[in-house]
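All remarks here apply to the structure that follows.
Just so it is clear, the model here is predicted, and its values are computed rather than measured.
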Amino acid sequence: MTAIPVIDLSKAPGERASWDRPIWVVYLWAVCELLFVTNAWQISSSLRIRVLRAFGAEIGEGVVFRPRTRVKFPWKLHIGARSWIGEGVWFHNQDHIYVANDVVISQETFLTTGSHAHRKDMALITSPVYVDDGAWITSRCVVLGGTRVGRAALIKPLSLLEGNEIPEGEIWGGNPIMFVSMRFTKARTP
């Protein structure tokens, strides 16, 4: 027998703690998400946005929201004007996700605001994600809770952000994520 413990997941606290809505709303949202948001058919972006807004999402004017996207809780999603949400993007938002104006989140990027107390009892731990004006998170990135992507910053494909603060105007990429260069011609200041 080993001394390494195993956490009994049936006793893990926090199940449904992040829902913040009655169970019928969560289940109704699951049906609507499947029909109008996750659906791979090219249903219009404006219809997709209207459905998200009906469930409490704050979405600005001129946003493009592509098909095959997923949103766990639309009442915790905030997107500014003129932003583009790419096909297959997944907002796994047990906490709030704030996407500002003119932001691009490219294909199949996964943003999650939740984790678990893995050394204790697997309780749900959440923290918000912020993506500032003009930032571009390119395809297939993973963005974890506590991350802030600064104004006009760019994240290269397949990067992992683990609660990082990415300075404005900089290009970062990789795993572990590292500074690559400035996005525009202005020199980087130390």
Measuring only between side-chain heavy atoms, which start at C-beta, is [X] closer than 4.5 Å to [Y]?
X      : Y      : result
Arg82  : Glu61  : no
Val89  : Leu111 : yes
Asp121 : Pro13  : yes
Pro74  : Phe91  : no

Checking [X] side chain against [Y] main chain: does a donor-acceptor pair fall under 3.5 Å?
X      : Y      : answer
Asn101 : Asp133 : no
Glu33  : Arg70  : no
Asn164 : Ile166 : no
Gln94  : Gly114 : yes
Thr69  : Gly88  : no
Arg48  : Phe65  : yes

In chain order, what residues pass the salt bridge (charged side-chain N to carboxylate O under 4.0 Å, His left out) check against Arg140, with sequence neighbours excluded?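 Arg140: salt bridge (charged side-chain N to carboxylate O under 4.0 Å, His left out) contacts with Glu108.
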For Asp95, run the side-chain hydrogen bond (donor to acceptor under 3.5 Å, both in side chains) check against Thr113, Thr112, Thr126 and tell me which one passes.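 Result: among Thr113, Thr112, Thr126, Thr126 is the only option passing the side-chain hydrogen bond (donor to acceptor under 3.5 Å, both in side chains) with Asp95.
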Could you go through Val149 and Val129, starting from their C-alpha distance and side-chain angles, then the distance that decides it, and tell me whether this counts as side-chain contact (heavy atoms from CB on, under 4.5 Å)? CA-CA 8 Å; Val149 179; Val129 167; over 6 Å; no
Do other residues, nucleotides or ligands put more than 12 heavy atoms under 6.0 Å from Trp75 CH2?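 It does: Trp75 CH2 has more than 12 such atoms within range.
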